[in-house]
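In what follows, a single structure is set out as structure tokens and then discussed.
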Amino acid sequence: MAIVAGIDSSTGRTRIVACDSGTGAVLRSGKAPHPAPEDPDTRPGETDPQLWLHSLGDAAAGGLLEGVRAIGVSAQQHGMIGLDAGGVLVRPAILWNDPRSSGAAAALLEELGGPAAWTAAIGAVPGPTYTVAKLRWLAEFEPANARRVAEVLLPHDWLVWQLLGHPKRRTTDRGDASGTGYWSPVTGEYRQDLVALALGHELRLPDVLGPAEPAGHTPEGLLISAGTGDNMAAALGLGLRPGDAVVSLGSSGTIFAVHEQAVVDATGLVSSFADATGRHLPMVATLNAAQVLRSTAALLGRDLEGLSDLAMQSSPGAYGLVLLPYLDGERTPALPHAAGTLTGMRAESMAPQHLARAAVEGMLCNSADALDVLRARGVEVKRVFLLGAAGRLEAVRHVAPQLFGVPVVVPPPGAHAARGAARQAAWALAGTPEPPQWELPEAVTVTPDAGHDLPVGSAVRQQYRAARDQIHPETAG
């Protein structure tokens, strides 16, 4: 038995798992928060990447990496680490969730010719989170720093480079590269013209490795795999295959699926990312997910479990009560200025349990609409993995299979991205054509009954669709 490790460096912490390379069983695990920047002038949304190494060391304390033969690295996507010609950090790293690049993203969108031009170029419309938008912000607001930047690494690229002891060769993978805004998952090539459009000059960019291609070996002889972005690593950790989709219910929603081909959507609703296996990971996003449940629970004076219990006391369709959950506007469908709407109010529907049920159904109908966007682009959805604490609520687990129309898998809580990084390390260590087959222990699968659940779900979605199209006729059809 070989032991492999996966490191996941997220926005706020590092998680590490050590796994059996053959079965995927987690043998040891650790986590640690990222330390706060020592410089008091560091803005929110940026950090000194050296702090990620401190966090990694803390998470690996107690011999967690003892006996490990290979390591994979997952990290937050879209970040920007600018280095000068000598490999020295030019300024603090800008993180994916920094909002300062909104204007830059809008300007780039217009300059290239709109959504259709960008999706033709890179398979996506770059938003403020994308690295290319951060480059434009740098050129506009810190021109001296912009001129110094000779190369840009993503967070996982930088961590791999550190683990390998700063080799001359810099590397990345197709999954993380597909979130930069200047690498195309359609052609598999960088677009230096888009780098120059954003920054004013071309850059040295890391080599894009194949899925099982090692990045190198540490001075101590440990194999380091290519690494990848967090969503791609989570897909690998969950064992997703074509036909599988993920509905991740954070405050907002992330919906993606494994697909054999890149999806080029001229509307810009679908972002065409690459995955960590040589396939693709088309993705759509909703602005409203678990926050819909939290807001409704607060209104009713309950916690999330209490809201779920109330919803289970109602019935499908919530006695005609429909909540359109556009509390912060919505991205999918494109309703940026919308607000939430509660409709179908009658004397018999004005009860806490029906409002709770309408919140659950509204959130999940909105997610189902997003899944339908993928289906309409030819993406097959045979099974849905439901992630996030909201996905483990009884009411959500009960209603989701009805509305999605396919079996729903609810994995146990865990470091799925770190496990995916470990699985990639095991793959690179083995050198096999496909990654090792790892089981997902303790996952619960709920399969809808064709004779009852599917007709019920269809009726609930029809009720929701009628309310949506009446109040927002631009979504009809």
Side-chain angles (χ1 to χ4, degrees), residues 7-15 32-59 73-102 104-105 126-166 170-173 175-183 195 198-199 203-206 215 227-233 417 421:
I7 297 168
D8 178 48
S9 181
S10 65
T11 310
R13 66 181 57 84
T14 299
R15 296 176 183 269
H34 297 327
E38 295 181 359
D39 185 348
D41 294 328
T42 303
R43 296 179 42 157
E46 62 182 40
T47 193
D48 178 356
Q50 289 290 338
L51 298 176
W52 300 335
L53 292 179
H54 295 314
S55 175
L56 195 162
D58 291 342
V73 178
S74 158
Q76 55 182 296
Q77 296 172 242
H78 307 302
M80 189 196 78
I81 302 166
L83 306 178
D84 67 13
V88 176
L89 187 70
V90 171
R91 67 172 321 282
I94 302 178
L95 307 181
W96 74 273
N97 58 346
D98 186 274
R100 75 185 77 178
S101 303
S102 297
T129 61
Y130 277 63
T131 315
V132 71
K134 294 174 172 61
L135 293 178
R136 168 55 66 87
W137 179 90
L138 190 70
E140 184 175 357
F141 291 97
E142 297 181 3
N145 282 337
R147 287 190 293 271
R148 284 185 59 203
V149 171
E151 61 179 311
V152 167
L153 299 179
L154 302 171
H156 116 255
D157 308 341
W158 188 87
L159 285 166
V160 166
W161 185 52
Q162 298 296 315
L163 290 173
L164 291 175
H166 304 169
R170 275 63 145 167
T171 63
T172 190
D173 89 303
D176 221 358
S178 65
T180 61
Y182 46 78
W183 184 86
V195 173
L199 188 63
L203 291 170
R204 175 188 175 185
L205 297 171
T228 193
D230 51 4
N231 282 316
M232 297 76 192

Shortest non-hydrogen separation from [X] to [Y] and the atoms involved:
X	Y	answer
Ser55	Ala32	OG-O, 3.0 Å
Ala133	Gly127	CB-O, 3.6 Å
Val90	Asp84	CG2-N, 3.6 Å
Ala417	Asp230	CB-O, 3.8 Å
Ala150	Ala85	CB-N, 3.6 Å
Ser102	Pro99	OG-O, 3.1 Å

Could you measure the distance from the [atom1] atom of [X] to the [atom2] atom of [Y]? Nearest 0.5 Å is fine.
X	Y	atom1	atom2	answer
Tyr182	Leu203	OH	CG	6.5 Å
Leu154	Thr172	CG	OG1	5.0 Å
Arg100	Glu46	CZ	CD	4.5 Å
Thr129	Leu95	OG1	CG	12.0 Å
Ile81	Trp161	CD1	CH2	9.5 Å
Arg43	Asp98	CZ	CG	5.5 Å

Does the [X] side chain pair with the main chain of [Y], one donor and one acceptor, at a distance under 3.5 Å?
X	Y	value
His34	Ser10	yes
Asp173	Asp176	yes
Thr14	Ser9	no
Thr131	His78	yes

Item checked: Test log, rule side-chain contact (heavy atoms from CB on, under 4.5 Å), inputs Val152 and Lys134 -> CA-CA 11 Å; Val152 167; Lys134 294 174 172 61; over 6 Å; no

Should [X] and [Y] count as side-chain neighbours, where that means a heavy-atom distance under 4.5 Å?
X	Y	value
Pro37	Thr47	yes
Leu89	Leu83	yes
Trp137	Ile94	yes
Asn231	Gln77	yes

Check: Could you walk me through whether Val132 and Leu199 pass the side-chain contact (heavy atoms from CB on, under 4.5 Å) check?
Finding: CA-CA 8 Å; Val132 71; Leu199 188 63; over 6 Å; no

Notebook entry, point to check: Among all residues two or more places apart in sequence or in another chain, which pass the side-chain hydrogen bond (donor to acceptor under 3.5 Å, both in side chains) test with Gln162?
Noted result: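 His166.
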
Notebook entry, point to check: Do the rings of Trp52 and Trp158 sit parallel, tilted or perpendicular, given the 30° and 60° boundaries?
Noted result: perpendicular

Item checked: Partners passing salt bridge (Lys or Arg N to Asp or Glu O under 4.0 Å) against Arg15 (at least two apart in sequence or in another chain) -> none

